[in-house]
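Sequence lines set the chain letters: A, B, ... in the order given, protein chains first and strands last, and positions in each chain run from 1.
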2 protein chains.
Amino acid sequence: MIIQFNTRAPVYIQVVDYFKKKMALGELQAGEEMPSRRELATELKINPNTVQKAFKEMEEQQLITTERNRPSRVTTDEHVLKRIRTELVDEAVAVFVESIQELDVTMDELVDKIKRQYGEGNINDRSTGS
Amino acid sequence: MIIQFNTRAPVYIQVVDYFKKKMALGELQAGEEMPSRRELATELKINPNTVQKAFKEMEEQQLITTERNRPSRVTTDEHVLKRIRTELVDEAVAVFVESIQELDVTMDELVDKIKRQYGEGNINDRSTGS
DNA sequence: CTAACTGTATTATCACCATAGTACACTAAC
DNA sequence: GTTAGTGTACTATGGTGATAATACAGTTAG
């Protein structure tokens with residue numbers, strides 16, 4: 001379990017996003033048990049209350065369900081699960097475009113820079129035409 | 001003077017970014033007078049202290065200079081000014097890539113989504129091949 | 001000189017985020 | 001039944017961001 005707590009975004013939001021990613025990638029599947037709050041807090045070295053807030057947020061977003069005094073589980077609503085990845089990507093794109101809007105950046109420049117940045121990780125780069 | 005206070009980012013940071021954009025685009029030029037704190041606060045309908053914090057931040061970043069009891073001015077350091085745009089774009093790209101990393105997004109999908117989002121504004125889109 | 005404007009500083013209040021510590025009710029395993 | 005582990009709830013503290021309300025020193029336009 002690795003989370004990089006980089007940005008200024010609230011930790012509990014970053015925890016939510018982390019689990020969204022795992023669901024989007026199928027690493028966490030429908031109906032699967034979530035780790036316990038305390039366990040996760042210890043592992044991530046954050047406060048149990050922060051984890052609780054993240055889980056509460058995920059419940060409100062219907063990503064997980066919880067029966068009292070039983071470990072939370074990933075939703076079995078495939079409809080919800082299928083949307084996650086799209087939402088993650090779309091929101092990232094929206095934030096990105098918003099931040100560079102009005103800066104007169106060409107798609108060429110953008111693609112180039114993104115590829116470079118991506119390259120430092122690993123990219124699934126087929127095509128882009130050229 | 002229009003700023004959209006969208007995100008969760010601190011307002012004073014958004015004000016800084018707003019002026020960075022104006023400098024990057026040459027709408028604010030080297031040595032030019034900045035609006036006064038009070039004037040700007042009234043116009044943006046935010047607190048003068050928030051504006052002050054933004055200006056202080058800009059001073060620390062050497063974007064503006066201030067002689068006591070005189071309006072602040074855009075730096076005359078062309079070296080600094082030329083870097084602004086690159087820094088804005090690069091940081092946006094970094095945040096973006098970070099947020100979609102590990103989501104297995106192809107460049108095709110990214111470019112497509114970015115173009116769509118961009119389209120809602122105006123894009124300087126020559127090429128990307130296809 | 002006076003008045004209106006600069007930047008700057010201080011105090012106070014409120015909300016949000018994160019932490020720490022504690023407590024309670026229930027379930028599961030022994 | 002006891003124990004350890006669940007989720008859940010509460011109070012309190014500290015930091016940051018934003019607001020409000022003043023206040024002071026210096027500059028500038030009348």
Side-chain angles (χ1 to χ4, degrees), chain A residues 1-20 23 28 31-76 95 99, chain B residues 1-20 23 28 31-76 95 99:
Chain A
M1 182 93 47
I2 300 171
I3 305 186
Q4 284 283 25
F5 292 114
N6 301 328
T7 68
R8 318 180 69 113
V11 172
Y12 83 98
I13 294 291
Q14 296 185 53
V15 172
V16 170
D17 283 345
Y18 173 77
F19 280 104
K20 276 188 178 177
M23 294 175 194
L28 267 177
E32 193 169 337
E33 267 194 7
M34 297 282 287
S36 85
R37 271 84 163 159
R38 291 175 178 83
E39 180 186 348
L40 193 56
T42 301
E43 194 171 359
L44 298 180
K45 291 167 183 161
I46 58 178
N47 194 278
N49 295 332
T50 305
V51 176
Q52 167 65 6
K53 194 163 187 179
F55 275 54
K56 196 166 188 177
E57 177 70 24
M58 286 190 274
E59 286 214 66
E60 283 168 8
Q61 293 187 27
Q62 310 200 327
L63 301 175
I64 62 173
T65 59
T66 311
E67 303 170 33
R68 264 209 163 247
N69 310 314
R70 298 260 36 228
S72 299
R73 290 183 174 278
V74 177
T75 180
T76 54
V95 169
S99 67
Chain B
M1 181 94 46
I2 300 170
I3 305 186
Q4 283 284 25
F5 292 113
N6 302 328
T7 68
R8 320 180 69 114
V11 172
Y12 82 98
I13 294 292
Q14 296 184 53
V15 172
V16 170
D17 283 346
Y18 173 76
F19 280 103
K20 277 189 179 176
M23 293 176 195
L28 267 177
E32 193 169 337
E33 266 194 10
M34 298 282 288
S36 87
R37 273 83 162 159
R38 291 175 178 84
E39 180 186 347
L40 193 57
T42 301
E43 195 171 358
L44 298 181
K45 289 167 184 161
I46 59 179
N47 194 277
N49 296 332
T50 304
V51 176
Q52 167 64 7
K53 195 165 187 179
F55 274 54
K56 195 165 187 177
E57 176 70 24
M58 285 191 273
E59 287 214 65
E60 284 169 7
Q61 292 187 28
Q62 310 199 327
L63 302 174
I64 62 173
T65 58
T66 311
E67 305 169 33
R68 263 211 163 246
N69 310 314
R70 297 259 37 226
S72 300
R73 290 183 174 277
V74 177
T75 180
T76 54
V95 170
S99 67

Nearest listed nucleotide, side chain of B:T66, among C:dG7, D:dT6, D:dA18: C:dG7
Residue-level proximity of residues 57-65 of chain A to DNA chain C when a heavy atom falls under 4.0 Å: none
Output the rounded distance in Å from CZ (B:R37) to C1' (C:dA9). 12 Å
For the pair made of CZ in A:R73 and P in D:dG7, what is the distance, rounded to whole Å? 12 Å
Filter on salt bridge (charged side-chain N to carboxylate O under 4.0 Å, His left out), then keep only pairs touching residues 58-74 of chain A, sequence neighbours left out; what's left? A:E33-A:R73
Between CD1 of A:I13 and P of C:dC17 the distance, given in whole Å, is 7 Å
Measure from CD on B:E39 to C1' on C:dC5 and round the result to the nearest Å. 11 Å
Looking at every non-hydrogen atom in both residues, tell me the closest pair between A:F19 and A:L28 and how far apart they are. CD2-CD1, 3.4 Å
How close do A:N47 and A:A41 get, counting heavy atoms only, and between which atoms? C-CB, 4.0 Å
Could you run down the sub-3.5 Å N/O contacts of the protein with nucleotides 9-16 of chain D?
none

Between B:R70 (CZ) and C:dT8 (C1'), how many Å, whole number? 15 Å
Would you say the side chain of B:R38 and the base of C:dG7 hold a donor-acceptor pair, judged only by whether the two atoms sit under 3.5 Å apart? yes
Just the rounded figure in Å: distance from P of D:dT19 to CG of B:L44. 10 Å
Measure from the side-chain N and O atoms of A:T42 to the backbone N and O of A:R38, and report whether any donor-acceptor pair falls under 3.5 Å. yes
When you measure from the side chain of B:N69, which nucleotide among C:dT19, D:dT27, D:dG7 comes out closest? D:dT27
